[in-house]
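Accompanying notes for the structure given below.
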Amino acid sequence: MHFQVIKDYFYNQIYEEVHKSFPSFFSVFDKEDGAYPLLGELGCFILKHSDKKDIIEQTIDFINKALQKGEYETEDAIIIEMFSKLYEDSILADNIERGLYGKALILFRKYRKESYEDH
């Protein structure tokens, strides 16, 4: 079997980073399941708790950190699994967008615009 080595340090630590950043989030997935299912489940959790200020703040902090420290693999996972869910609630997306900066803000706006154009 051939395994691809991922050199994105943040991506490789995403399981730990998610649980550090969201203390009230409990996942059914293990680290071995990978980043995509974990981040998809996290996106649903955030959507479900979109009325909680602490969850919104944790989300903003996590996205800013992930997209500042992570590389291509982290970006893909965040965009595909989290952003797509966050865009479902326009008020939540607006609140999150207001707290983002740098690369996180650029990517969030870019893919949000694309998601609106697709619908």
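Note: hydrogens, waters and symmetry copies are ignored here, and every other heavy atom, side chains too, is used. Predicted model, so just to flag it, every value in this text is computed and none were measured. The first residue of the sequence shown is numbered 1, and numbering continues consecutively from there.
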Salt bridge (charged side-chain N to carboxylate O under 4.0 Å, His left out) against Glu97, all qualifying residues, sequence neighbours excluded: Arg109, Arg112
Strictly distance-based, threshold 3.5 Å: is any side-chain N or O of Thr74 a donor or acceptor partner for the main-chain N or O of Tyr11? yes
Residues in side-chain hydrogen bond (donor to acceptor under 3.5 Å, both in side chains) with Tyr101, at least two apart? none
Would you please name every residue forming a salt bridge (charged side-chain N to carboxylate O under 4.0 Å, His left out) with Lys20, sequence neighbours left out? Glu17
Taking the side chain as C-beta and beyond, is there a heavy-atom pair between Ile46 and Leu92 under 4.5 Å? yes
Mind checking who shares a hydrophobic cluster with Tyr72, ILVMFWY linked at side-chain heavy-atom distances under 4.5 Å? none
Does Asn64 have any side-chain hydrogen bond (donor to acceptor under 3.5 Å, both in side chains) partners at least two apart in sequence or in another chain, and if so, which? none
Please list, chain by chain and in numerical order, all residues satisfying side-chain hydrogen bond (donor to acceptor under 3.5 Å, both in side chains) with Lys31, sequence neighbours excluded. Glu16
Any pair with a residue in residues 83-92 that passes salt bridge (Lys or Arg N to Asp or Glu O under 4.0 Å), sequence neighbours left out, goes on the list, sorted by first then second residue, please. Glu81-Lys85
How about Phe10 and Lys65: do any of their side-chain heavy atoms sit closer than 4.5 Å? yes
Taking the hydrophobic residues Ile, Leu, Val, Met, Phe, Trp and Tyr, and joining any pair whose side-chain heavy atoms are under 4.5 Å apart, which ones share a cluster with Phe29? Val28
Any luck finding a side-chain donor-acceptor pair between Glu41 and Ser27 under 3.5 Å? yes
Could you list the residues that satisfy side-chain hydrogen bond (donor to acceptor under 3.5 Å, both in side chains) with Lys52, not counting sequence neighbours? His49
Please identify each residue that fulfils salt bridge (charged side-chain N to carboxylate O under 4.0 Å, His left out) with Lys69, with sequence neighbours left out. none
Could you give the distance from CG (Leu86) to OG1 (Thr59), rounded to the nearest 0.5 Å? 6.5 Å
Please, which pairs that meet salt bridge (Lys or Arg N to Asp or Glu O under 4.0 Å) have at least one residue in residues 21-30, sequence neighbours excluded? none
Taking ring pair (Phe, Tyr, Trp, His ring centres under 6.0 Å) as the test, write out the residues that go with Phe25, two or more places apart. His19, Phe45
